[in-house]
Amino acid sequence: MSGKPRVRFAPSPTGYLHIGGARTALFNWLYARRLGGTFVLRIEDTDRSRSTEESVQVILDGMQWLGLDWDEGPIRQTDRTEIYKGHANRLIEKDLAYRCYCTPEQVEAMRLKQREEGAAQFRYPGTCRRQPQHPDQPHVVRIRMPESGETTFDDLVKGRITTSHDTIQDEVIMRSDGLPLYNFGVVVDDATMGIDVVARGDDHINNTARQILIYEALGYEPPRFAHLPMILGQDQKRLSKRHGAVSVTWYREEGYLSHAMVNYLVRLGWSLDDKTEIFSREELLRHFDLERVGCSAAVFDPEKLQWLNQHWMKETSDEDLASPLAEQLARLGIDAAGDPRLTRVAELYKARAKTLKEMAETARVYFTDGVAEFDEKAKRKFLVEASRPHLEQVRDQLKAGTACQIDESGLEGWMRDYAECCSLGLGKIAQPLRVALVGKTASPGICETISLVGREEAIRRIDAALGMIE
RNA sequence: GUCCCCGUCGUCUAGUGGCCCAGGACGCUGGCCUUUCAAGCCGGUAACGCGGGUUCGAUUCCCGCCGGGGACGCCA
């Protein structure tokens, strides 16, 4: 194989870009980029009843978000109908394919009959194999498949795979509406686009022998194949909508970083060595290789994704986190765009949240007037008479203190002195304060929290809390 | 049912005959740190599906079984 492969990702636009598709796209992209090859994006939209334009857009957006850029395309199969027709006609002329006039109903009847007779697998009986040709009558095109023998190929990840020809029938390659069927469309496209490595889900293994036979009938050299293991849901079944969160868009909206997604997906089926889990984009580009893709299916684990997401949030600068955080806040109805505290929230919360959405949800309290919601338990425990003097002291300090006395370090010093003075642990003062400021007992350091809330607002919140003490 | 693929901790994986009484990571869990919650650090938990071979020696090779997944369309 030459050094610079041409690979492709060929989704069908019948819904969202799901996790499995994204992983396939990623592996192809990495493979191409790593070797300086070409990555082609092709839209397999020949099923007119299921393909939609919105879906094409969703797929494009998803790839863009993941940073998977393509060199050629998107090429739509529906723009290439003449090419398929031409290839089909070539096969018919050489008698390697024939027109079949059986209606779907008739074929269905044959299928039923064969099943009743106990056939293991349906095979088209070849009714039209030798019929006179009537190009003007409604028909499909079937390819003549060998009746004996076998086809073997060496899969880049699975090794040698052999398929007996008796499991292959005279496949329909063109349907009556003049559009190609999957197995024909891919072959014509991959061949004419010069694709030399096809990496796709291993649910396509069965199709591969048929496709190789089609390559051969057409007189093209088959590419190399790499069948990637499936991604399963927690119930070990093929990942599907039933499993809930399977679309790339969903993760984006839930506040995941695209790089966390990439890092997670790449580890589903691929590993570098016995210890590396974290990969930057550059490292991936340097190390990824189809040779190290495993053979067995992987279960999608949302918790590990979350862990990676937090990891990458911690690696991302506060400035870069600010704007996606603002977007998440906007989804909660809070306009924080341009607020200088955004970077501060990112700094203090990236180790405290698994996603940007979670970060926005916990941090929204800094962008509202007063505390909208109190944790009842916390309130009962800390907004009590015993806390009153401490809350008052802090409030008065905030009111009276000079700027340098109430900046974070000044405040911290003052508070420690005060606690020592009362011979109390800092917690005795900090916890009631937390509840007053954010409505619950968990927050960043108490002085950071005060600074986030802001002096004026902190005073108001403490007063409000004092009013709640009966 | 038939054909194909797969089978190491709950999960993602390393491992290509001795380095493995199996390594890393997520999760779970004990501890440390600490004004709370996280994060971080240290420790623990837990796996080679089963049965036959081959071999001085099998997680690694072969066969059978079992288990899981996938494919059997005028879907892709």
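Sequence lines set the chain letters: A, B, ... in the order given, protein chains first and strands last, and positions in each chain run from 1.
Base pairing annotation: B:U36 forms no Watson-Crick or G-U wobble pair, as no partner gives both donor-acceptor distances under 3.5 Å. Across all strands shown, B:C72 pairs with B:G1; the Watson-Crick or G-U wobble distances both stay below 3.5 Å. Base-pair partner of B:G67: B:C6 (Watson-Crick or G-U wobble, both distances under 3.5 Å). Pairing of B:A58, defined by two Watson-Crick or G-U wobble distances under 3.5 Å, is not identified with any nucleotide. B:C28: Watson-Crick or G-U partner is B:G44, with both key distances under 3.5 Å. Applying the Watson-Crick and G-U wobble criteria (two distances, each under 3.5 Å), B:U16 pairs with nothing in any strand.
Rounded to whole Å, the distance from CG on A:Leu452 to C1' on B:U36 is 15 Å. Separating the CE atom of A:Met313 from the P atom of B:A38 is a distance of 15 Å, rounded to the nearest angstrom. When rounded to the nearest whole Å, the span between CG of A:Asp375 and C1' of B:C37 equals 12 Å. Straight-line distance from the CD1 atom of A:Ile205 to the C1' atom of B:C72: 14 Å, rounded to whole Å. Residue A:Asp235 contributes atom CG, which lies 14 Å from atom C1' of B:G70 at whole-angstrom precision. When rounded to the nearest whole Å, the span between CG of A:Leu348 and P of B:U34 equals 20 Å. With rounding to whole Å, A:Asp273 atom CG is found 8 Å from B:A14 atom C1'. Rounding to whole angstrom units, CG of residue A:Asp274 and P of B:C9 are separated by 17 Å.
Taking a cutoff of 4.0 Å between a charged side-chain nitrogen and a carboxylate oxygen, A:Glu376 and A:Lys379 qualify as a salt bridge. Ion pair A:Asp235/A:Lys237 not flagged as a salt bridge, since none of the NZ, NE, NH1 or NH2 atoms sits closer than 4.0 Å to an Asp/Glu carboxylate oxygen.
A:Gln234 comes within 4.0 angstrom of nothing in the nucleic acid, heavy atoms only. Note on A:Pro444: a base of the nucleic acid sits closer than 4.0 angstrom, heavy atoms only. As judged by a 4.0 angstrom heavy-atom cut-off over every strand, A:Arg292 is placed among residues touching the sugar-phosphate backbone only. Residue contacts for A:Gly445: at a heavy-atom cut-off of 4.0 Å it reaches a base atom on one of the strands shown. Contact annotation for A:Ser443: base contact, defined as any heavy-atom pair under 4.0 Å involving a base atom. Residue contacts shown for A:Lys314 are limited to sugar-phosphate atoms, with no base heavy atom under 4.0 Å away.
Closest to the side chain of A:Ala351, out of B:G24, B:U35, B:A39, is B:A39. Of all nucleotides listed (B:C6, B:C3, B:C12), B:C6 comes nearest to the side chain of A:Lys158. Nearest to the side-chain atoms of A:Val299 among the listed nucleotides B:C12, B:C5, B:C6 stands B:C12. When each of B:U35, B:U8, B:C37 is scored by its nearest atom to the side-chain atoms of A:Glu412, the top-ranked nucleotide is B:U35.
Nearest-nucleotide positions on RNA chain B for A:Ile446 and A:Gln121 put A:Ile446 closer to the 5' end. The 5' end of RNA chain B is approached more closely, in terms of each residue's nearest nucleotide, by A:Leu426 than by the other of A:Asn206 and A:Leu426.
In this model, the phosphate group of B:C37 is not approached by any side-chain N or O of A:Thr441 to a distance below 4.0 Å at OP1 or OP2. A:Arg238 has a side-chain polar atom (N or O) that falls below the 4.0 Å cut-off from OP1 or OP2 of B:A71.
Across the C1' atoms, B:G43 and B:U59 are found 27 Å apart, a figure rounded to whole Å. For B:A39 and B:C32, the C1' atoms lie 14 Å apart once the distance is rounded to whole Å. Of the P atoms belonging to B:C6 and B:G24, the separation is 28 Å, rounded to the nearest Å. The gap from the P atom of B:C12 to that of B:G70 amounts to 15 Å, rounded to the nearest Å. Comparing the same atom, C1', in B:U54 and in B:C63 gives a spacing of 11 Å after rounding to whole Å. B:A47 and B:U11 are spaced 12 Å apart, taking the C1' atom of each and rounding to whole Å. The gap from the C1' atom of B:A22 to that of B:A58 amounts to 13 Å, rounded to the nearest Å. Across the P atoms, B:C50 and B:G44 are found 26 Å apart, a figure rounded to whole Å.
Within a 6.0 Å radius of CZ in A:Arg115, no more than 12 heavy atoms belonging to other residues, nucleotides or ligands are found.
Within the cation-pi definition used here (under 6.0 Å to the ring centroid, within 45° of the axis), A:Arg142 does not qualify as a partner of A:Tyr98. Under a cutoff of 6.0 Å and an axis angle of 45°, A:Arg380 and A:Phe382 do not form a cation-pi pair. A cation-pi contact links A:Arg341 to A:Phe367, judged by a cut-off of 6.0 Å to the six-membered ring centre and 45° from its axis.
Classification of the A:Phe184-A:His87 ring pair by plane angle, with boundaries at 30° and 60°, yields perpendicular.
Contact annotation: side chain of A:Arg434 to base of B:U35, donor-acceptor pair present below 3.5 Å.
Annotation: side chain of A:Gln114 is in contact with side chain of A:Pro125 (closest heavy-atom distance under 4.5 Å). Side-chain contact check for A:Val198 versus A:Asp190: some heavy-atom pair is nearer than 4.5 Å.
In terms of modelled atom types and a separation under 3.5 Å, the side chain of A:Arg352 and the main chain of A:Leu348 share a donor-acceptor contact. A distance-only check finds no donor-acceptor pair linking the side chain of A:Glu254 to the backbone of A:Lys357 [under 3.5 Å].
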Nucleotide N/O to protein N/O under 3.5 Å, stretch nucleotides 73-76 of chain B:
{"residue": "B:G73", "atom": "OP2", "partner": "A:Arg111", "partner atom": "NH1", "Å": "2.7"}
{"residue": "B:C74", "atom": "O2", "partner": "A:Ser176", "partner atom": "N", "Å": "3.0"}
{"residue": "B:C74", "atom": "O2", "partner": "A:Ser176", "partner atom": "OG", "Å": "2.8"}
{"residue": "B:C74", "atom": "N3", "partner": "A:Ser176", "partner atom": "OG", "Å": "3.2"}
{"residue": "B:C74", "atom": "N4", "partner": "A:Cys102", "partner atom": "O", "Å": "3.1"}
{"residue": "B:C74", "atom": "N4", "partner": "A:Pro104", "partner atom": "N", "Å": "3.3"}
{"residue": "B:C75", "atom": "OP2", "partner": "A:Arg175", "partner atom": "NH1", "Å": "2.1"}
{"residue": "B:C75", "atom": "O2'", "partner": "A:Asp47", "partner atom": "OD2", "Å": "2.6"}
{"residue": "B:C75", "atom": "O2'", "partner": "A:Arg50", "partner atom": "NH2", "Å": "2.9"}
{"residue": "B:C75", "atom": "O2", "partner": "A:Arg50", "partner atom": "NH2", "Å": "3.3"}
{"residue": "B:A76", "atom": "OP1", "partner": "A:Thr46", "partner atom": "OG1", "Å": "2.5"}
{"residue": "B:A76", "atom": "OP1", "partner": "A:Arg175", "partner atom": "NH2", "Å": "2.7"}
{"residue": "B:A76", "atom": "OP2", "partner": "A:Tyr182", "partner atom": "N", "Å": "2.8"}
{"residue": "B:A76", "atom": "O3'", "partner": "A:Glu44", "partner atom": "OE1", "Å": "3.0"}
{"residue": "B:A76", "atom": "O2'", "partner": "A:Ser12", "partner atom": "OG", "Å": "3.2"}
{"residue": "B:A76", "atom": "N6", "partner": "A:Asn207", "partner atom": "ND2", "Å": "3.4"}

Identify each atom pair where a protein N or O and an N or O of nucleotides 25-33 of chain B are less than 3.5 Å apart, giving names and distance.
{"residue": "B:C26", "atom": "O2'", "partner": "A:Lys304", "partner atom": "N", "Å": "3.4"}

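If you look at A:Phe279 and A:Trp270, their ring centroids are closer than 6.0 Å.
In terms of the ring-ring contact (aromatic ring centres under 6.0 Å, His included) criterion, residue partners of A:Phe153 (sequence neighbours excluded) are, by chain and number, A:Phe225.
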